[in-house]
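Got a structure here, written out as structure tokens. Questions coming.
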Amino acid sequence: MGEGRTNENSKNEQLEQFRVDDSNQKMTTNQGLKVSEDEFSLKAGERGPTLLEDFYFREKMTHFDHERIPERIVHARGYAAHGEFELYESMKEFTRAKFLQDTSKKTPVFVRFSTVAGSRGSAETVRDARGFATKFYTEEGNYDLVGNNIPVFFIQDAIKFPDLVHALKPEPHNEMPQAASAHDTFWDFVANNQEAAHMVMWAMSDRAIPRSFRMMEGFGVHTFRFVNEAGKSHFVKFHWKPVLGTHGLVWDEAQTISGKDPDFHRRDLYEAIENGDFPEYEFGVQLVPEEDEFKFDFDLLDPTKLWPEEDIPVKIIGKLTLNRNVDNVFAETEQVAFHPGHVVPGIDFTNDPLLQGRLFSYTDTQLIRLGGPNFHELPINRPVCPFHNNQRDGYGRQTINVGRVSYHKNSLANNTPTPATEEEGGYVHYQEKVEGRKVRARSESFKDHFSQARLFWNSMSKPEKDHLKEAFSFELGKVKDKSVQQQVVDMFGNVSTELATTFAEAIGANPPSAQEVDVTKSSPALSMENTVKKPDTRKVAILVSQDGSGEGLASLLETLKGKGLQPEIVSEKLVPVGGNEIDHTFLTADSVLFDAVYAVDSADASDVYKEKASEFVKQAFKHYKPVGATTAGASVLESQGVSGKAGVVVSDEEQFVEAVAAHRHWNR
Ligand code: HDE
């Protein structure tokens, strides 16, 4: 079934062939035999032993026993959706990739977001990098952009990846902590592998606790190559920019959400798509002509370095829209197999030693995870263009290859399938000249570990710097080993004396021994304070008492919805008030699950309302969120002493929407 179609709906149509609806059907075995009984196993007498002869029982149980496959060693906890990519501007000048040339064509995509450290069932709002992996089903084959929401990485050479991941994962003697970097082995790794400094700054920042998958940037991380028809090469970095802006949670909130709703990010993505609020990300490229390779004060091949956007602008060339949830999480999200080596003509690699190692690892990992070499035949992984070669057999082979020829070269099948020339779309590797001795070494140009970590620090706003100090204090506060704590203080003394001194104090360590690097430059694009801020899709908890009249509620909801907000009513019970359905009770919802809180009824409405509404307001205020109230509801705000503070609005719906649009109110 290698044949496929290449129009924009082709992936959906291809998947359609595999979709099965079991409802309204008679039950059968996997051999198609109708089943007459599915509650009682076959026994010798009503109270007798079960018989081995019960093939139906054995089939059902055997299938169940084999339902799990190994989870991904990293990025196990993920969630995905289908969508499409449209191109604003042709990149023909830079790349032969067809999906980046014709602005009239849309390319189907599948995107999987993930955390890195946690197991499949772990909470989603933990402090971690997020995976942002995109499979473009192009007419020239699948192109995978397997990126993260942080533009740099912890290490510079793939050979260190198993060490990094061993240090990050739960410690082997007691399997703690789950999905967290706040423990001794991770920080011991950091202190002894100082190339991690830059990414650690990002990982301790609000970037590592995103508000939503819909509100994260994505980065290809490595420097890749674009190659055009004429064979000219440009270095390229890939970017995804969320249309809703880049937004974070606050740490206390993120930790509470982990318990209140461990599925917070998938629920947010799933619901947004079901509501028709399709997540959108613009696609950007930074381009450097090959001849400029050595014009920078860092090495373009070093994955611990970013290209400051103020120096090399991000050219926005297209948009990704996620518009369809999966039908079945296992079949699609779990079985999707990404690989940075899935490329199309016009996109090529560089010698970044991290990328080079990844080109090995991803196929290797699919072999163990998906059980053999035929994972490309799984519906989610099939390209939409035809695929033909002489590969045969193996576990779970689905294609029925006809004919007797399965080798190249041959005369019995006119020497087909035939390799394609470059003009015919054959992939030809960029002919970079390489020369050198075989060495196990690192280039001198990779040895500056602190300048860009400092650039990041310099670029942060005051609240972001405060959050970094708190995150380091938290993480190192969880480290037990005094020597590791001190090594980390000394290491980050190279980045910022202010930062390292603050967390050294918090954990009772000595001030840093190292001097901070002399870098004064900053990059405003790195601060989340400078991102897009909109009220769209922000969730508001509307607090209503069962004892209230519900008057004005319908019009409040209408105003908020009209401005793109998502109000949800929370009350003591799920009994409608004034004809308005209640979405949650005070027991099932929590302040941390909303972007803003609005008290409708007065604190005297009922004792339960008073207690719970006050708690909602207190939490929202503590997390710098907008808080609103009707004139009656103002008494709830007064009880918490928050009236008149920044982002606190009484009886002015328009102003409340503005406060929501401003997101967090740090100046409280
Ligand atoms: Fe991965 N990575 N990685 N990685 N990675 C995997 O492949 C690996 C790295 C990323 O949603 C694995 O299918 C090595 C950087 C994402 O299915 C594995 C190195 C970046 C995903 C693997 C890296 C990533 C993975 C585990 C160092 C950002 C999830 C399961 C050289 C650019 C994809 C799998 C999905 C998954 C190896 C570093 C992104 C083991 C060896 C840098 C988003 O093959």
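Both ligands and their constituent atoms are indexed starting at 1 by order of listing. Since the structure is predicted, the reported quantities are computational estimates derived from the model, not experimental observations.
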For this session: For residues F338 and Y362, establish whether the separation of their ring centroids is below 6.0 Å.
Result: no
Problem set entry | Shortest heavy-atom approach to atom 13 (O) of ligand 1 - which of Q366, H339, E71 | Q366
Exercise. Should the pair K319 and Y88 be classed as cation-pi, given the thresholds of under 6.0 Å to the six-membered ring centre and 45° from the axis?
Worked result: no
For this session: Please confirm whether T365 comes within less than 3.5 Å of ligand 1 when only nitrogen or oxygen atoms on both sides are compared.
Result: no
Problem set entry | Nearest candidate to atom 43 (C) of ligand 1, where distance is taken over non-hydrogen atoms, out of G147, G220, P70, A80 | G147
For this session: Please check if the distance between the ring centroids of F226 and H234 is under 6.0 Å.
Result: no
Seminar exercise, completed: Note: ligand 1 atoms sitting under 4.0 Å from heavy atoms of I73 are 40 (C)
For this session: Verify the distance test for Y362 against atom 1 (Fe) of ligand 1: any N/O/S atom under 2.8 Å, yes or no.
Result: yes
For this session: Identify, by atom number and element, the atoms of ligand 1 in contact range of A158, meaning under 4.0 Å from any of its heavy atoms.
Result: 31 (C)
Exercise. Given F153, F219, F238, which one has a non-hydrogen atom that is nearest to atom 42 (C) of ligand 1?
Worked result: F153
Exercise. Could you state the interatomic distance from CZ (F213) to CZ (F113), rounded to the nearest 0.5 Å?
Worked result: 7.0 Å
For this session: Please round to the nearest 0.5 Å and tell me the distance separating atom OG1 of T107 and atom CG of L87.
Result: 8.0 Å
Exercise. From L359 CG over to H222 NE2, what is the distance, rounded to the nearest 0.5 angstrom?
Worked result: 8.0 Å
For this session: For atom CZ of R397, decide whether the heavy atoms of other residues, nucleotides or ligands shown that lie under 6.0 angstrom number more than 12.
Result: yes
For this session: Using heavy-atom distances, let me know which of Q335, R358, R112 sits nearest atom 32 (C) of ligand 1.
Result: R358
Exercise. Among F161, F113, F338, which residue places a heavy atom closest to atom 27 (C) of ligand 1?
Worked result: F161
For this session: Could you tell me which atoms of ligand 1, counted from 1 in the order shown, lie closer than 4.0 angstrom to a heavy atom of H75?
Result: 5 (N), 10 (C), 16 (C), 21 (C), 25 (C), 29 (C), 36 (C), 39 (C), 43 (C)
Problem set entry | salt_bridge(E71, R77) N-O dist < 4.0 Å | no
For this session: Find the distance between OG1 (T350) and CD (E290) and round it off to the nearest 0.5 Å.
Result: 11.0 Å
Exercise. Going by distance only, is there an N or O of R72 that falls short of 3.5 Å from an N or O of ligand 1?
Worked result: yes
Exercise. What is the closest protein heavy atom to atom 18 (C) of ligand 1, and at what distance does it sit?
Worked result: S361 OG, 3.7 Å
Exercise. Counting from 1, what ligand 1 atoms have a heavy atom of L354 closer than 4.0 Å?
Worked result: 27 (C), 31 (C), 42 (C)
Problem set entry | L145 side chain near F283 side chain, heavy-atom distance below 4.5 Å | yes
Seminar exercise, completed: In ligand 1, the atoms that come under 4.0 Å of a heavy atom of G131 are 43 (C)
For this session: Just jot down the ligand 1 atoms closer than 4.0 angstrom to any heavy atom of V221, in number order.
Result: 28 (C), 32 (C)
